[in-house]
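Below is one structure, written out as structure tokens, with a few remarks after it.
The structure presented is a predicted model; accordingly, all values stated were derived computationally and were not measured. Here is the naming used below: chain letters follow the sequence lines, and residue numbers restart at 1 for every chain.
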Amino acid sequence: GAVVSQHPSRVICKSGTSVKIECRSLDFQATTMFWYRQFPKQSLMLMATSNEGSKATYEQGVEKDKFLINHASLTLSTLTVTSAHPEDSSFYICSAATSGGAYEQYFGPGTRLTVT
Amino acid sequence: GQSLEQPSEVTAVEGAIVQINCTYQTSGFYGLSWYQQHDGGAPTFLSYNALDGLEETGRFSSFLSRSDSYGYLLLQELQMKDSASYFCAVKARAAGNKLTFGGGTRVLVKP
């Protein structure tokens with residue numbers, strides 16, 4: 001089956017620092033990757049859609065200069081949280097699809113970010 | 001935009017049947033998906049309905065009525081491991097083929 005990995009699984013950082021999260025599709029090529037944010041006991045909120053080789057499309061209200069997304073290859077997308085603050089603490093989950101029209105997304109295991 | 005409604009929580013005993021309803025509002029509807037997520041884990045795909053009717057996959061079944069903008073996920077022969085959150089998600093042309101998730105239903109299975 002399609003496997004998506006994320007690294008790191010858990011990170012604690014100090015306020016003001018930047019954190020990079022990697023999302024990899026291990027056994028398939030992902031033309032589209034999605035980045036979600038999830039607060040405890042809440043739903044997944046889409047932050048941005050990332051297509052290989054092009055700029056990410058951000059959802060309304062998501063600061064593109066704060067959440068930098070790079071989709072460098074068909075198997076790797078990265079999310080960098082810049083100048084992190086405690087309110088950025090959350091569970092970040094990526095997903096990958098084999099095409100932009102795919103109905104099934106394969107989710108990574110998520111990254112728990114805690115900003116102190 | 002898109003909006004989905006599903007119950008926030010359901011409690012049932014092992015062996016029981018649970019139905020999680022999902023109503024949605026969207027334009028350019030393509031289909032309705034269901035995902036399962038255990039605490040601290042990643043969402044995993046359960047089913048997708050693009051056409052009206054019932055899709056059965058083992059103990060889980062999913063139903064869609066496009067005319068009613070309604071679907072449900074049916075969990076049969078509940079097991080303790082089914083305790084998780086279940087999300088419906090709609091795929092719609094208006095959203096650029098992205099998935100929009102409902103708020104999720106926490107299912108608690110008791111012995």
Side-chain angles (χ1 to χ4, degrees), chain A residues 1-7 9-10 21 23-26 28 30-51 54 56-62 90-114, chain B residues 1-10 20 22 24 26 28-51 55 57 62 64 66 71 83-108:
Chain A
V3 179
V4 176
S5 69
Q6 264 184 259
H7 177 79
S9 59
R10 189 179 295 265
I21 302 169
C23 176
R24 293 181 185 273
S25 57
L26 299 185
F28 68 101
T31 54
T32 305
M33 286 185 171
F34 303 88
W35 286 95
Y36 295 86
R37 183 173 181 176
Q38 186 177 35
F39 291 106
K41 298 187 178 182
Q42 292 191 21
S43 187
L44 292 86
M45 290 184 56
L46 181 65
M47 299 174 66
T49 302
S50 165
N51 290 295
S54 62
T57 303
Y58 290 81
E59 295 300 299
Q60 193 171 11
V62 177
S90 188
F91 193 49
Y92 291 87
I93 310 176
C94 71
S95 72
T98 52
S99 70
Y103 62 81
E104 181 174 354
Q105 295 182 16
Y106 304 98
F107 284 84
T111 298
R112 176 78 56 194
L113 171 64
T114 303
Chain B
Q2 288 65 239
S3 68
L4 297 92
E5 285 195 20
Q6 52 181 128
S8 59
E9 195 169 297
V10 173
I20 304 171
C22 175
Y24 58 87
T26 189
F29 175 83
Y30 280 148
L32 187 71
S33 299
W34 288 93
Y35 286 81
Q36 178 194 61
Q37 185 182 31
H38 287 97
D39 286 346
T44 56
F45 173 80
L46 292 177
S47 68
Y48 175 75
N49 294 68
L51 302 176
E55 296 274 348
T57 309
S62 58
L64 176 67
R66 295 174 67 110
S83 291
S85 291
Y86 294 82
F87 296 90
C88 58
V90 70
K91 179 175 165 63
R93 185 172 61 248
N97 297 331
K98 296 172 289 190
L99 288 178
T100 302
F101 285 82
T105 300
R106 288 182 68 86
V107 173
L108 177 62

Answer key: most heavy-atom pairs under 4.5 Å with chain A among B:Ala42, B:Gly31, B:Pro43, B:Gly41 is B:Pro43
Answer yes or no: does atom CD of B:Glu5 have more than 12 heavy-atom neighbours from other residues, nucleotides or ligands under 6.0 Å? no
Ion pair check, B:Asp39 and B:Arg106, cut-off under 4.0 Å: yes
For A:Glu59, is it the side chain, the backbone, both, or neither that has a heavy atom closer than 4.5 Å to a heavy atom of chain B? side chain
Without hydrogens or angle criteria, can the side chains of A:Tyr36 and A:Gln105 be said to hold a donor-acceptor pair below 3.5 Å? yes
Residues, nucleotides or ligands: over 12 heavy atoms within 6.0 Å of A:His7 NE2: no
Could you tell me whether the side chains of B:Glu55 and B:Ser62 share a donor-acceptor contact shorter than 3.5 Å? no
Is chain B contacted by the side chain of A:Gln38, its backbone, both, or neither, given a heavy-atom distance below 4.5 Å? side chain
For A:Leu46, is it the side chain, the backbone, both or neither that has a heavy atom under 4.5 Å from a heavy atom of chain B? side chain
Given a strict heavy-atom distance threshold of 4.5 Å, which part of B:Phe87 is in contact with chain A: side chain, backbone, both, or neither? side chain
Using a cut-off of under 4.5 Å for heavy-atom pairs, which of B:Ala50, B:Ser8, B:Gly102 has the most such pairs with chain A? B:Gly102
